[in-house]
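Order of the sequence lines fixes the chain letters, A, B, ..., with proteins taken first and strands second; residue numbering starts at 1 for each chain.
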Amino acid sequence: MKVSDMMLTMLHTITSDKSVAHASERMSEQRVSSLLVMDHGEVIGMLTPRDIFASHPNRIVADAMSPGPICISSDQTVWDAGRLMEEHGVEQALIMAEDELAGWITRENIMIKLAEFRDPLTGLFRAPYIQTIGERLLYEKKPFHLLFIDLNNFGQINKLYGHPFGDDVIREYSSLLATMMDERYDHVSRYAGDEFVVISTADDDRILSYIDQMETPIGIRHMQVSAAVGHVNGYLDPNFFTYSFRELIEKASLLSTSTKQRIAGTVL
Amino acid sequence: MNDKNVYSRKATLSLKISEFEVPPMQDLLIVGKKAPIGPEAVRRMAEALSPEQFTLIRIDHPKIEAVLLRNSLLQMLDEKLLMGIIMEEAERMISDSMVLRSELKIAVTVQREVELS
């Protein structure tokens, strides 16, 4: 999901020579949580309630405002926007479309939206997240590794031990995946029931290590749980960028099924 | 006439007229962190009244936010030396909600000896 799909287009502005008292009244009248400070058509800062509380009401806005908010391109994803705002420690950001101010966004709005994309059972992002990341990398012609991870015999686990236990298995395996990932290179999501997808730009050695760890049976309560991993290597496949993300998922999924068939019966 | 029926409203005006000093802030202003006038307002005021004659120096201090200084003072003395003296004196009396103004005159005394031929 792009930030342009959820940005606020109503801009409330004030010039830097107005008093803080005036700005406070305006915010109250217009029922807004912040004002964009603009002089001669240029954004020079943002005035928030925190700035108002910290300043004498007689001061001019220029002496009370926070520095110019960061700018985010309108085609960035909400995940990128959230990460950028967290890195800069800012509560608001401006959305620019081809160097023109198109709107603005608050970190609170981003966090609410991101929460909608989280899987409540595991805390991992759901399929739309990994789809957005994958499609963006394909669009930018940046190769990556795609891992499709399917838990072995999960249907049997549910049948034999009940769905609550199955949920425990999903939760603990997700936690294992999350701790394995390095946020510099890796993105992980719960794709469907007992299936997970990882997109990674890490080197081959690290990917092989991931696959090894993912396929090695681990003890969850009294069970040994393992997974079959389908791996599409975008660094080796010359036709990688001719595929859509959906086709890459299909390839990885089928590879995972092949792996599953190969190791069928060896683990539960 | 009965005094009870007399009604009068009077106003007394008193004017004290003197010349407006330009600029009104003399040689320097010291702006407290919570002062009613902030550094940018002070800078804009100085620029409007005396263009290009003052410099605003922002500082990291628990009570003082900035000092506005007449440029000619900075030409006569090193900024670090001048600010050191100003801060040493100002921080003894300023609170974070005050703006102090001050005159600052520099008199240079020179004594030279020369060889007589």
| query | Just one of A:Ile60, A:Asp17, A:Val61 clears the side chain to side chain contact (heavy atoms under 4.5 Å, CB included) bar with B:Glu40, so which one? | reply | A:Ile60
| request: Can you tell which part of A:Ser16 gets under 4.5 Å to a heavy atom of chain B, answering side chain, backbone, both or neither? | output: both
| query | Quick check: are there more than 12 heavy atoms from other residues, nucleotides or ligands sitting under 6.0 Å from CD of A:Glu42? | reply | no
| said: Are there over 12 heavy-atom neighbours, none belonging to A:Glu183, within less than 6.0 Å of that residue's CD? | reply: no
| task | Evaluate the criterion side-chain contact (heavy atoms from CB on, under 4.5 Å) for residue pair A:His56 and B:Ile37; output intermediate values, then yes/no. | result | CA-CA 8 Å; A:His56 192 287; B:Ile37 309 170; over 6 Å; no
| request: Please report the closest heavy-atom contact between A:Arg59 and B:Glu65, naming both atoms and the distance. | output: NH2-OE1, 2.9 Å
| request: For atom CD of A:Glu135, decide whether the heavy atoms of other residues, nucleotides or ligands shown that lie under 6.0 angstrom number more than 12. | output: yes
| request: Using non-hydrogen atoms and a 4.5 Å limit, figure out which bit of B:Arg43 sits close to chain A: side chain, backbone, both or neither. | output: neither
| field | Residues, nucleotides or ligands: over 12 heavy atoms within 6.0 Å of B:Lys63 NZ | value | yes
| query | Taking atom CZ of B:Phe20 as the centre, does the number of heavy atoms from other residues, nucleotides or ligands within less than 6.0 Å exceed 12? | reply | yes
